[in-house]
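Written out below as structure tokens is the structure these notes cover.
Excluded from the calculations below are hydrogen atoms, water molecules and symmetry mates; all remaining heavy atoms, backbone and side chain alike, are included. Start at 1 with the first residue, then count along the sequence.
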Amino acid sequence: MKIMIKEPAAPGFTVRFLSKKEAEEKPLFAQKGLFAGNYLEALFWPSLENGAALYVGLGEKRPGIRQVRETVIRAAERMLKAGIKEYALSMSPLIAAAGLTAIREAVEGIYMGSYRLVLPLETRVDEPAVCLTGIEESSLPAAREELKKGVSLAEARRWAMDMVNAPGNMLRPMDFAREIMARLEDTAVECKLIVSSQLNAMGMRALAGIGGSSENPPCMLVLRYRGGGEGEMVTGLLGKGVTCDTGGYCLKKADSMMGIKGDMAGGAAVAAAIRALAENEVAANVTGIIPMCENRIGPASLVPGDVITSYGGKRIEIRNTDAEGRLILADAMSYAVKDEQVDRVLDIATLTGAVVNMLGFSTAGALGNDEAFMERLLAAAKDGGERYWRLPVFEEQEQMLKSEVADIKNMGEQHCGTITAGLFIGAFAEDRPWVHLDIAGTAWVDRPLFSGQPLGATGAGVPTLYYLFEKRS
Ligand code: BES
Ligand code: ZN
Ligand code: ZN
């Protein structure tokens, strides 16, 4: 993808955004009923003098951030379908309505509207080249900043979507780790890969136990980005990296198995957000930790009733092998606290079906043990245009994880499954401020939530994790 800022308008194809009122003022459109400027209406118009145009309607209301994104998605989609690879976007009406931040949003719109999955992941070529025009001379420096940030965030999000969309047999745990390391090679992020034999030697029985269910060995990837001062707070970002979740011996039903390749969306979000932080040299110290594994049936699989000793020392009773995410995140959490000495920690995971029943596909669940950290997270979500809803945590729910034969069990008896799943992970956070995000509903869509949204992976979590460390306004 190539997105540039250029003055004045480039020749060739231009996308022009028109409100209803503006469309009415064009006699040719109005009289012939060709184009009314309705929201998301689109019309190709060949005109020899000024180059051809694609008109996109803005409707009646002043476009906000969301409308900017949607109308640009519509434009990019139409261009992709028409096979037009070079075009200009006339930004002035969008900037007039939403300010310069419209540029960042438009960039995101271009990426989403022209998204398609390309496998293998490194082969993406032949992408559109887009020119943003109609930006005032005096705003050019600020506009360029917006463009740079927009591109790096959109690239990061698209990368996360690509990894999540990649099928499980093409992105096994070690492939996932290698893909991330390769894409972080040109950044200031330091990568450390802990391979299966090391996990075993270290006593990471939860991660090694789940990962041992497959011939494709588990691993854990550690990403260190130090953009902040020495001695300043380090935030741990843990992301679930299950590249294939069959449920193990507590096997999933066939119809709930289609989504299983997307069970590493939390890990992908962590890697992508860290890449964007490094690219923009954001002043923050962040350590990403992504436990990666498959959850299958094999001779070494865990079965319900087993008791294992986790890396943090707590003994865990396995009640359900399909509750694997919390197990591998428990070991990652202990590693974050013991080995990486993080000051606060956030985990993000496609963790429970219960959160989908509760909040649907637009809103993710959040819970934690620290007011200030939670407030900060919710503000970051707002900056990133994502929705999270805080869930309650009380003693009674903590009680639900009590085990008769070990320190804790990996599933509550019944109900409030999203809360008990989160609390299980939090039990390994020691006394660190901790926030948990359950993106099982938001990481994947089978029906679009807004016009033009690509189906499949959504890139959930990427903007919120980024804006946790940089305020938007
Ligand atoms: N990865 C799943 C959760 C999930 C469900 C993600 C639907 C996306 C869509 C997780 O590992 C899981 O299987 N959770 C179980 C937990 C239960 C056994 C306590 C669930 O939610 O059913
Ligand atoms: Zn599972
Ligand atoms: Zn899972």
Exercise. How many angstroms lie between CE in Met333 and OH in Tyr335, if you round to the nearest 0.5 Å?
Worked result: 15.0 Å
Problem set entry | Side chain to side chain, Tyr55 and Val15, heavy atoms closer than 4.5 Å | no
Problem set entry | Glu86, CD atom: more than 12 neighbouring heavy atoms under 6.0 Å | no
Exercise. Looking at Phe13 versus Phe44, is the centre-to-centre ring distance below 6.0 Å?
Worked result: yes
For this session: Report yes if some heavy atom in the side chain of Glu179 is under 4.5 Å from a heavy atom in the side chain of Trp159; otherwise report no.
Result: yes
Problem set entry | Side-chain donor or acceptor of Arg74 paired with backbone N/O of Leu40 under 3.5 Å | yes
For this session: Please assess Lys148 against Glu279 for the test salt bridge (Lys or Arg N to Asp or Glu O under 4.0 Å), listing each intermediate value before the final yes or no.
Result: CA-CA 10 Å; Lys148 180 171 172 273; Glu279 262 186 349; over 6 Å; no
Exercise. To the nearest 0.5 Å, what is the distance between CZ (Phe176) and OG1 (Thr243)?
Worked result: 8.0 Å
For this session: Say whether, by atom type as modelled, one donor and one acceptor occur between the side chain of Ser114 and the main chain of Ile110 under 3.5 angstrom.
Result: yes
For this session: Using atom types as modelled and distance alone, determine if a side-chain donor or acceptor of Thr246 lies under 3.5 Å from a backbone N or O of Asn295.
Result: yes
For this session: Go through the steps to decide whether Met292 and Met174 satisfy the test side chain to side chain contact (heavy atoms under 4.5 Å, CB included), and finish with yes or no.
Result: CA-CA 8 Å; Met292 300 168 170; Met174 287 291 281; over 6 Å; no
Problem set entry | Side-chain donor-acceptor pair present, Tyr39, Glu70, cut-off under 3.5 Å | yes
Exercise. Quick one: OH on Tyr225 to CD on Glu281, what's the gap to the nearest 0.5 Å?
Worked result: 6.5 Å
Let me have the donor-acceptor pairs involving side chains of residues 455-464, under 3.5 Å, with sequence neighbours excluded, atom names and distances please.
residue, atom, partner, partner atom, Å
Thr458, OG1, Thr442, O, 2.7
Thr458, OG1, Ala443, O, 3.3
Thr458, OG1, Ala460, N, 3.1
Thr464, OG1, Glu386, OE1, 2.5

For this session: Identify the two heavy atoms, one from Ala143 and one from Ile135, that lie closest to each other, and give their separation to 0.1 Å.
Result: CB-CG2, 3.9 Å
For this session: For the pair Arg124 and Asp162, evaluate salt bridge (Lys or Arg N to Asp or Glu O under 4.0 Å) and give the outcome as yes or no after the intermediate values.
Result: CA-CA 10 Å; Arg124 193 184 296 277; Asp162 280 347; 2.4 Å; yes
Exercise. Would a 4.5 Å heavy-atom cut-off, applied to side chains only, mark Ile348 and Leu237 as touching?
Worked result: no
Problem set entry | Donor-acceptor pair, side chain of Arg275 and main chain of Arg183, under 3.5 angstrom | yes
For this session: Indicate yes or no: at least one non-hydrogen side-chain atom of Met91 is less than 4.5 angstrom from one of Ile95.
Result: yes
Problem set entry | Salt bridge present between Arg326 and Asp438 (N-O < 4.0 angstrom) | no
Exercise. Does some side-chain heavy atom of Glu324 sit less than 4.5 Å from a side-chain heavy atom of Asp245?
Worked result: yes
Problem set entry | Quiz item: cation-pi between Arg344 and Trp434, 6.0 Å / 45° | no
Problem set entry | Exercise: identify the closest heavy-atom pair between Leu351 and Ala421 | CD2-CB, 3.5 Å
Exercise. Does any N or O in the side chain of Asn285 come within less than 3.5 Å of the main-chain N or O of Gly228, such that one atom is a donor and the other an acceptor?
Worked result: yes
Exercise. Are Trp444 and Lys261 close enough that some pair of their side-chain heavy atoms sits under 4.5 Å apart?
Worked result: yes
Exercise. What is the distance from atom CG of Leu449 to atom OG of Ser362, rounded to the nearest 0.5 Å?
Worked result: 6.5 Å
For this session: Say whether, by atom type as modelled, one donor and one acceptor occur between the side chain of Glu105 and the main chain of Ala102 under 3.5 angstrom.
Result: no
Problem set entry | Shortest non-hydrogen separation from Phe469 to Ala284 and the atoms involved | CD2-CB, 3.6 Å
For this session: Report the C-alpha distance between Asp343 and Arg432 in whole Å, list the side-chain angles of each, state the deciding distance to 0.1 Å, and finish with yes or no for salt bridge (Lys or Arg N to Asp or Glu O under 4.0 Å).
Result: CA-CA 6 Å; Asp343 299 293; Arg432 302 300 191 285; 5.9 Å; no
For this session: Compare all side-chain heavy atoms of Glu470 with those of Val282 and state whether any distance is below 4.5 angstrom.
Result: yes
Problem set entry | Lys240/Asp263 under salt bridge (Lys or Arg N to Asp or Glu O under 4.0 Å): CA gap, chis, key distance, verdict | CA-CA 7 Å; Lys240 175 175 174 180; Asp263 211 13; 3.1 Å; yes
Exercise. Are the side chain of Asp306 and the backbone N or O of Val303 linked by a donor-acceptor pair below 3.5 Å?
Worked result: yes
Exercise. What is the distance from atom CD1 of Ile5 to atom OG1 of Thr133, rounded to the nearest 0.5 Å?
Worked result: 10.5 Å
Seminar exercise, completed: Which of Glu155, Glu127, Arg157 passes side chain to side chain donor-acceptor pair (under 3.5 Å) with Tyr111? Answer is Glu155
For this session: Would you mind reporting whether Val234 and Val286 have side-chain heavy atoms less than 4.5 Å apart?
Result: no
Problem set entry | Pairs where residues 348-361 contributes a residue and the test salt bridge (Lys or Arg N to Asp or Glu O under 4.0 Å) is met, not counting sequence neighbours | none
For this session: Verify, without hydrogens or angle tests, whether Asp383 (side chain) and Ala380 (backbone) share a donor-acceptor contact under 3.5 angstrom.
Result: no
Exercise. Between Gly241 and Ile328, which heavy-atom pair has the shortest distance, and what is it?
Worked result: N-CD1, 4.2 Å
For this session: Return yes if some donor-acceptor pair links the side-chain N/O of Ser213 with the main-chain N/O of Arg296 below 3.5 Å, else return no.
Result: yes
For this session: Give a yes or no answer on whether the side chain of Asn410 reaches the backbone of Ala323 with a donor-acceptor pair at less than 3.5 Å.
Result: yes
Seminar exercise, completed: Taking every heavy atom of Ile194 against every heavy atom of Val222, the minimum-distance pair comes out as CD1-CG2, 4.2 Å
Exercise. Is Glu340 paired with Arg224 through a side-chain N to carboxylate O contact shorter than 4.0 Å?
Worked result: yes
For this session: Could you grab the distance from atom OH of Tyr466 to atom CG of Leu153, nearest 0.5 Å is fine?
Result: 5.5 Å
Exercise. Where is the tightest heavy-atom contact between Gly239 and Ile290, given as atom of each residue plus distance?
Worked result: O-CG2, 3.4 Å
Exercise. Under the side chain to side chain donor-acceptor pair (under 3.5 Å) criterion, do Asp339 and Tyr311 qualify, and how do the steps go?
Worked result: CA-CA 11 Å; Asp339 298 65; Tyr311 185 52; 2.8 Å; yes
Problem set entry | Polar side chain donor-acceptor pair, Asp331 to Ser310, under 3.5 angstrom | no
